[in-house]
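Whatever order the structure lists ligands and atoms in, that order sets their numbers, starting from 1.
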Amino acid sequence: MKYYITTPIFYPNSSPHIGTAYTTVAADVLARYHRLLGDDVYFLTGTDENAQKIVRTAEAHNTDPKIYVDGVVERFKELWRALNISNDDFIRTTEERHQDVVQEIFTKLFEQGDIYKSEYSGWYCTPCETFWMENKLVEGKCPNSDCGRDVELLKEESYFFRLSKYQGALLKFIEDHPEFIQPISRRNEMLRFIEGGLEDLCVSRTTFQWGIKVPFDPKHVVYVWLDALINYISALGYPDGENYKRYWPADVHIMGKDIVRFHAVIWPIILLALDIPLPKVIYGHGWYLSKEGGKISKSRGNVQDSFELIQRYGSDAIRYFLLREMQVGSDGTYSEDNVVERLNSDLANDLGNFVSRSLAMVVKYRKGIVPRTGQEGALERELKELSREIKNTVEKSLEVLDPARALEEIWRFVARCNKYVDETAPWSLAKHEDQKERLDTVLYTFVECIRVMAVLTAPFMPGLAPRICALLGKDEGLIRWQEADQWGILEHGIQVQKGEPLFPRIDISQFTTAEETKTLDLNQNQNLDLNLSQTQAPKETIESVPALEFEPIKEEISIDDFAKLDLRVAKILSAEKVEKTDKLMKLEVEVAGEVRTVVSGIAKHYLPEDLVNRYVVLVANLKPTKLRGITSQGMILAASQGEVLEVLMVTKDLPGGARVK
Ligand code: MSP
């Protein structure tokens with residue numbers, strides 16, 4: 001069976017955050033699950049780059065929109081890598097393969113009379129990229145509940161798309177396909193909206209030039225939503241690409257509730273007009289809200305650096321939290337305290353503890369060699385029965401796109417396994433020679449329970465399964481979905497090891513505030529490269545990244561050698577990308593009363609606005625050097641491993657010029 005799943009394509013006007021990550025993580029779970037089922041999966045994500053707000057943001061940064069988005073798109077790709085997202089493709093709407101298809105479709109719709117030229121007179125909300133008629137505004141502002149910002153009056157020649165013509169056909173389709181818009185609350189909302197009457201949609205702009213040109217009238221650029229929605233087929237090579245023939249129609253378009261309207265109205269009407277089959281399911285999930293209640297979003301300033309969170313807690317723990325806390329049809333609440341709570345209770349206490357204590361017993365009582373199982377009793381039969389029931393409910397929950405419920409079920413199994421340890425009390429069995437066979441059965445059941453957990457959690461926490469397999473002396477071939485309720489899969493005689501805890505408990509007090517964690521105290525930590533991870537990140541973070549290759553530690557130096565370095569706190573006054581490079585950022589920094597220019601290779605990892613007014617650590621007595629014609633007077637310190645890089649920042653009240661020693 002083929003399975004085509006998509007996320008929305010994200011606006012790269014600012015870096016991704018934990019709220020935007022939810023959709024992609026949820027889609028990834030479904031993609032991974034369907035791959036485990038043996039389906040032929042295609043998983044698409046990407047970026048929506050032709051928006052007016054991109055032009056505005058780039059202007060504010062004094063840079064060209066393409067250069068600006070290139071930087072942010074890298075951040076999205078990095079975050080998806082850090083979160084173990086298994087997308088098969090990443091589409092950017094500035095790519096030719098997309099632009100060609102949009103132009104072809106626009107022309108076709110125009111030629112068949114579904115697009116016509118007229119004049120738009122009304123309002124536009126640039127942050128939401130939405131047209132509004134006067135009577136929809138709320139106190140003159142954008143009526144979107146999470147926006148409420150100023151709108152701008154537009155009066156321009158525009159092309160219009162005849163949505164009204166397709167209202168009846170769309171309503172009929174939705175009525176005939178009750179599964180098309182999910183969950184049901186969104187379906188009802190959409191039905192009410194469409195029944196209220198559809199107006200033709202303005203689908204071109206003339207007041208800026210960034211975007212895809214209308215091929216037969218190039219002073220117009222295509223309205224960003226018409227352009228963006230088409231990504232779902234342009235990425236497949238519409239109209240005659242192999243992937244298009246193989247994967248369309250999409251099995252699921254997953255998205256946040258705010259954009260269901262575009263997907264449930266404009267997108268199906270484009271497809272109806274082109275006589276293309278409609279997607280099977282459009283699923284609108286809730287938002288992640290901050291503890292104070294607002295949507296997590298960059299514009300509200302309540303976002304936390306997702307890379308920092310992943311570094312601290314590990315990708316699996318962040319995925320687990322995001323998936324577990326968003327209930328179908330509602331919003332979820334995000335706070336770092338809640339992440340730690342989930343990690344400590346569900347991951348460290350429940351799952352991690354079961355794995356380590358049961359493996360420790362195999363090591364202690366059978367030298368780590370898995371014994372042959374003896375006669376099974378009522379408790380083992382109960383566990384087997386439960387695994388059948390749970391595999392079944394997990395499958396049903398994922399069919400209805402409810403990963404939170406699936407995880408709840410899996411944790412019901414984990415809880416039962418923990419109870420099994422207490423009920424069987426292997427430590428007592430071990431004291432009696434005549435209980436040897438019973439102890440063998442219990443220990444064998446333990447490792448089978450661990451295997452079942454690895455299989456069931458594999459789509460949700462892709463870093464975990466390989467780690468469990470390694471403890472069992474196996475590779476990932478052990479993860480076979482069909483065997484999540486089969487028993488007797490592991491052969492006796494295999495050697496297991498206890499290993500390190502899978503999820504060490506976290507003491508939240510070590511992360512008093514997000515900012516403080518970045519504070520670097522070189523007095524205590526001599527190893528510059530690793531001190532962030534060694535002192536602050538849980539061990540699990542380091543281990544969960546498979547096969548890390550560290551640079552070898554350099555030869556010993558004396559304290560006098562070290563004292564030659566003059567490290568200072570420096571305040572970043574301004575930051576801008578060095579033109580024609582993707583790596584270099586030019587910084588003006590203030591240190592001990594002077595202003596210096598420093599060129600640093602961090603542009604792929606930071607946006608200029610993320611750096612200004614931050615305090616960093618400068619090697620202040622480094623001989624100046626020229627980079628791209630700019631004299632760089634010093635170097636700022638950053639920790640890096642593979643793709644991830646973090647500039648070391650000082651957040652306590654220390655002025656530019658303070659010594660770092
Ligand atoms: N570019 C459009 C989508 C075009 S799809 C053809 C867009 N982009 S977005 O970057 O603003 O949002 C992308 C997705 O992130 C949306 O599904 C949105 O709902 C989701 N989220 C943004 N903030 C979120 C939370 N705080 N919580 C959950 N999802 C959130 O809209």
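When the heavy atoms of Tyr232, Phe262, Phe10, Tyr288 are ranked by distance to atom 6 (C) of ligand 1, first place goes to Tyr232. When Asp146, Asn50, Asp258 are ranked by how near their heavy atoms come to atom 19 (O) of ligand 1, first place goes to Asp258.
Close contacts between ligand 1 and His17 involve ligand atoms 23 (N) [criterion: under 4.0 Å to a heavy atom]. Here is the list of ligand 1 atoms found below 4.0 Å of a heavy atom in His285: 28 (C), 29 (N). Atoms of ligand 1 found under 4.0 Å from any heavy atom of Met255 (numbered from 1 in listed order, with element): 17 (O). Here is the list of ligand 1 atoms found below 4.0 Å of a heavy atom in Ala228: 6 (C).
Checked against a 3.5 angstrom limit, the closest N/O atoms of Asp48 and ligand 1 fall inside it. In terms of N/O distances under 3.5 Å, ligand 1 is approached by Ile296. Checking only distances, Ile9 does come within under 3.5 Å of ligand 1, N or O to N or O. Taking any N or O of Ile259, backbone or side chain, none lies under 3.5 Å from an N or O belonging to ligand 1.
Looking at Glu129 against ligand 1, nothing comes within 4.0 Å, counting heavy atoms. Of all the heavy atoms of Trp225, the ones lying under 4.0 Å from any atom of ligand 1 belong exclusively to the side chain.
Nearest protein neighbour of atom 29 (N) of ligand 1, counting heavy atoms only, is Gly19 O, 3.2 Å. For atom 22 (C) of ligand 1, the nearest non-hydrogen atom of the protein is Thr20 CG2, 3.7 Å. Among all non-hydrogen protein atoms, the one lying nearest atom 10 (O) of ligand 1 is Tyr11 N, 3.1 Å. Protein heavy atom closest to atom 17 (O) of ligand 1, with residue, atom name and distance, is Gly256 N, 2.8 Å. The protein heavy atom nearest to atom 23 (N) of ligand 1 is Lys295 CE, 3.3 Å. Remark: minimum distance from atom 20 (C) of ligand 1 to any protein heavy atom is reached at Thr23 OG1, 4.1 Å.
Of the options Leu226, Ile233, Asp227, a side-chain contact (heavy atoms from CB on, under 4.5 Å) to Ile105 is made by Ile233 and by none of the others. A side chain to side chain donor-acceptor pair (under 3.5 Å) with His253 is found for one member of Tyr4, Trp267, Tyr232 and no other, namely Trp267.
In summary, the side chains of Asp40 and Tyr247 do present a donor paired with an acceptor at a separation below 3.5 Å, with no hydrogens or angles considered. Trp210 and Gln52 share no side-chain donor-acceptor pair at under 3.5 Å. With 3.5 Å as the limit, one finds a donor-acceptor pair spanning the side chains of His285 and Thr23.
Relative orientation of the Tyr159 and His220 rings is perpendicular, given thresholds of 30° and 60° on the angle between their planes. In this structure, Phe160 and Tyr120 have tilted ring planes: the angle between them lies in the 30° to 60° band.
Atoms CZ and CH2, from Phe131 and Trp225 in turn, are 13.0 Å apart once rounded to the nearest 0.5 Å.
A salt bridge is defined here as a Lys NZ or Arg NE, NH1 or NH2 lying under 4.0 Å from an Asp or Glu carboxylate O, and Asp48 with Lys53 fails to meet this definition.
A heavy-atom separation below 4.0 Å is found between Gly286 and ligand 1.
Using a distance-only test at 3.5 Å, with no hydrogens or angles considered, no donor-acceptor pair links the side chain of Glu111 to the main chain of Lys108.
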- Query: Under the side-chain contact (heavy atoms from CB on, under 4.5 Å) criterion, do Thr20 and Tyr288 qualify, and how do the steps go?
  - Reply: CA-CA 9 Å; Thr20 41; Tyr288 261 106; over 6 Å; no
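Cation-pi geometry between Arg92 and Phe76 is not met at under 6.0 angstrom from the ring centre and within 45 degrees of the axis.
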